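All remarks here apply to the structure that follows.
Please read all numbers here as calculations on a predicted model, not as lab measurements. Remember, it's 1-based here, ligands and their atoms both numbered in the order they're listed.
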Amino acid sequence: MRVFITGTAGFIGFHLARLLLEEGHVVHGYDGLTDYYDVNLKRRRHAILSEYPGFTATEAMLEDAPALESAVRAAQPEVIVHLAAQAGVRYSLENPRAYIDANLVGTANLLEIARALQPRHLLMASTSSVYGANTDMPFVESQKTDTPLTLYAATKKANEAMAHAYAHIHGVPTTMFRFFTVYGPWGRPDMALFKFTKGILEGTPIDIYNHGDMYRDFTYVADLVRAIRLLIDVPPPPLDQRDQPIEGDTLSPAAPWRVVNIGNSNQVRLLDFIEAIEAELGKKAIRNYLPMQTGDVPATWADCTLLLRLTGYRPQTPVHEGVIKFVQWYLEYFGVERNRS
Ligand SMILES: NC(=O)c1ccc[n+]([C@@H]2O[C@H](COP(=O)([O-])OP(=O)(O)OC[C@H]3O[C@@H](n4cnc5c(N)ncnc54)[C@H](O)[C@@H]3O)[C@@H](O)[C@H]2O)c1
């Protein structure tokens with residue numbers, strides 16, 4: 001199968017591309033290698049993918065519509081997975097423009113090309129952040145998501161709506177994913193696990209928001225991309241081919257479109273997460289307890305029943321196992337000696 005993936009120099013796109021290449025598929029990656037975080041890490045990810053004969057890539061921005069169009073046309077993909085975005089909840093307070101450009105303009109450009117090329121399935125990243133101020137746990141896809149707390153969440157909610165309108169008018173089967181706090185090797189330097197590991201190793205204080213009273217549904221990246229891989233083979237059916245309804249399906253009555261949570265279906269206390277990192281590093285963190293950050297939520301928790309019904313699969317790597325794998329990667333990547341004193 002020929003797959004076009006945006007965001008292949010990014011954390012999740014890299015892992016998904018590698019999984020598909022290992023299976024023998026042909027992948028064209030598209031990434032602007034933005035400097036939101038260390039570009040060397042992005043280059044290293046692309047260098048690894050380039051070792052596979054099935055991988056080619058275009059380095060360009062989503063906002064560059066002609067570049068995006070010519071890359072997709074040349075690749076002639078059967079499947080498009082759109083993961084490139086300005087990610088990060090906190091940075092959207094600092095640089096809102098980046099979210100408008102990448103997530104709204106960039107995604108609109110991608111939808112226009114998908115409309116013209118009509119792949120058999122378009123899959124796009126949304127986020128658990130769209131659940132915003134919801135407090136009913138676990139979060140189920142059918143809940144209202146009308147209370148985003150950051151511009152990041154608002155742009156992702158807009159992406160879900162934009163994709164729905166395109167699926168309605170142009171008929172491209174579209175799956176939206178709501179990812180829950182993804183972590184693992186080759187992870188993002190702006191995310192908690194990376195920052196905590198770095199801080200503990202360097203002996204600098206780590207910031208712990210809401211005085212540690214935070215809970216997250218941490219999803220191990222290998223589990224997440226396995227779920228994406230399985231969902232690729234389950235495109236939402238057109239309106240006239242829906243004989244076997246699935247309980248709890250989010251299939252739109254007006255379009256071949258659905259939204260699916262991908263999480264670990266498990267709430268982990270942030271302090272337990274930190275203890276798992278400390279245990280693996282053999283060193284205690286210097287903890288800097290802080291109040292809640294603007295736009296942040298105290299808890300997330302995914303109901304992944306729909307994912308299970310659609311694919312027979314549910315992520316389940318326990319957090320301590322995933323943390324061990326991340327720490328092993330981190331030490332090797334940065335050439336750091338483990339301190340077991
Ligand atoms: N990692 C998580 O926990 C998480 C949670 C929920 C949703 N998501 C979503 O999953 C997707 C992938 O996230 P990730 O963690 O791999 O992030 P990432 O930042 O590592 O990867 C995104 C990639 O997109 C590229 N990019 C950004 N803006 C671009 C633009 N305008 N044009 C071209 N390329 C651009 C970046 O260079 C980067 O390599 C994103 O859509 C993100 O919003 C991630």
Side-chain angles (χ1 to χ4, degrees), residues 4-18 29-46 49 57-65 67-68 71-72 81-92 95 97-110 123-131 139 148 150-160 163 176-194 216-225 227-228 259-264 297 300 302 315 322 326:
F4 187 92
I5 306 177
T6 68
T8 40
F11 171 41
I12 297 171
F14 161 70
H15 281 278
L16 177 66
R18 197 165 57 168
Y30 189 96
D31 199 301
L33 283 91
T34 64
D35 63 2
Y36 168 57
Y37 63 77
D38 184 13
V39 175
N40 283 327
L41 180 58
K42 297 185 181 186
R43 292 206 185 287
R44 290 277 292 273
R45 296 186 187 121
H46 253 187
L49 296 178
T58 303
E59 283 187 18
M61 298 296 280
L62 295 167
E63 296 89 317
D64 184 347
L68 184 60
V72 184
V81 188
H82 178 41
L83 301 171
Q86 179 56 57
V89 171
R90 288 166 196 152
Y91 185 62
S92 65
N95 186 2
R97 174 58 59 187
Y99 293 77
I100 301 295
D101 293 345
N103 303 1
L104 298 183
V105 178
T107 299
N109 288 342
L110 187 100
L123 305 99
M124 312 210 315
S126 182
T127 169
S128 61
S129 297
V130 300
Y131 290 106
F139 294 145
T150 57
L151 185 66
Y152 169 61
T155 59
K156 289 291 184 175
K157 173 72 183 166
N159 287 169
E160 293 183 6
M176 301 295 312
F177 317 117
R178 290 184 184 151
F179 298 151
F180 284 70
T181 317
V182 190
Y183 74 100
W186 296 96
R188 272 171 37 201
D190 63 318
M191 291 186 72
L193 179 54
F194 202 111
R216 285 289 178 273
D217 194 333
F218 290 102
T219 314
Y220 187 59
V221 68
D223 292 356
L224 181 104
V225 298
I228 295 177
V259 59
V260 185
N261 283 344
I262 310 182
N264 207 48
V297 296
T300 65
F326 172 82

By side chain to side chain contact (heavy atoms under 4.5 Å, CB included) - contacts of Ala108 (at least two apart): Met162
Residue list, side-chain hydrogen bond (donor to acceptor under 3.5 Å, both in side chains) with Ser126, at least two apart or on another chain: Glu160
I want to check a possible cation-pi pair here: Arg178 against Phe139, using under 6.0 Å from ring centre and within 45° of the ring axis as the test. no
Set of residues that line ligand 1, where lining means a heavy atom lies under 4.0 Å from it: Gly7, Ala9, Gly10, Phe11, Ile12, Asp31, Gly32, Leu33, Thr34, Tyr37, Lys42, Ala60, Met61, Leu62, Glu63, Leu83, Ala84, Ala85, Ala87, Ala102, Ala125, Ser126, Thr127, Tyr152, Lys156, Phe179, Thr181, Val182, Arg188, Met191
Do we see a donor-acceptor contact under 3.5 Å between the side chains of Asn103 and Tyr99? no
Would you please classify the geometry between the Phe177 ring and the Phe179 ring as parallel, tilted or perpendicular, with 30° and 60° separating the classes? parallel
Can you list the residues that meet the side-chain hydrogen bond (donor to acceptor under 3.5 Å, both in side chains) rule with Thr34, with sequence neighbours excluded? Lys42
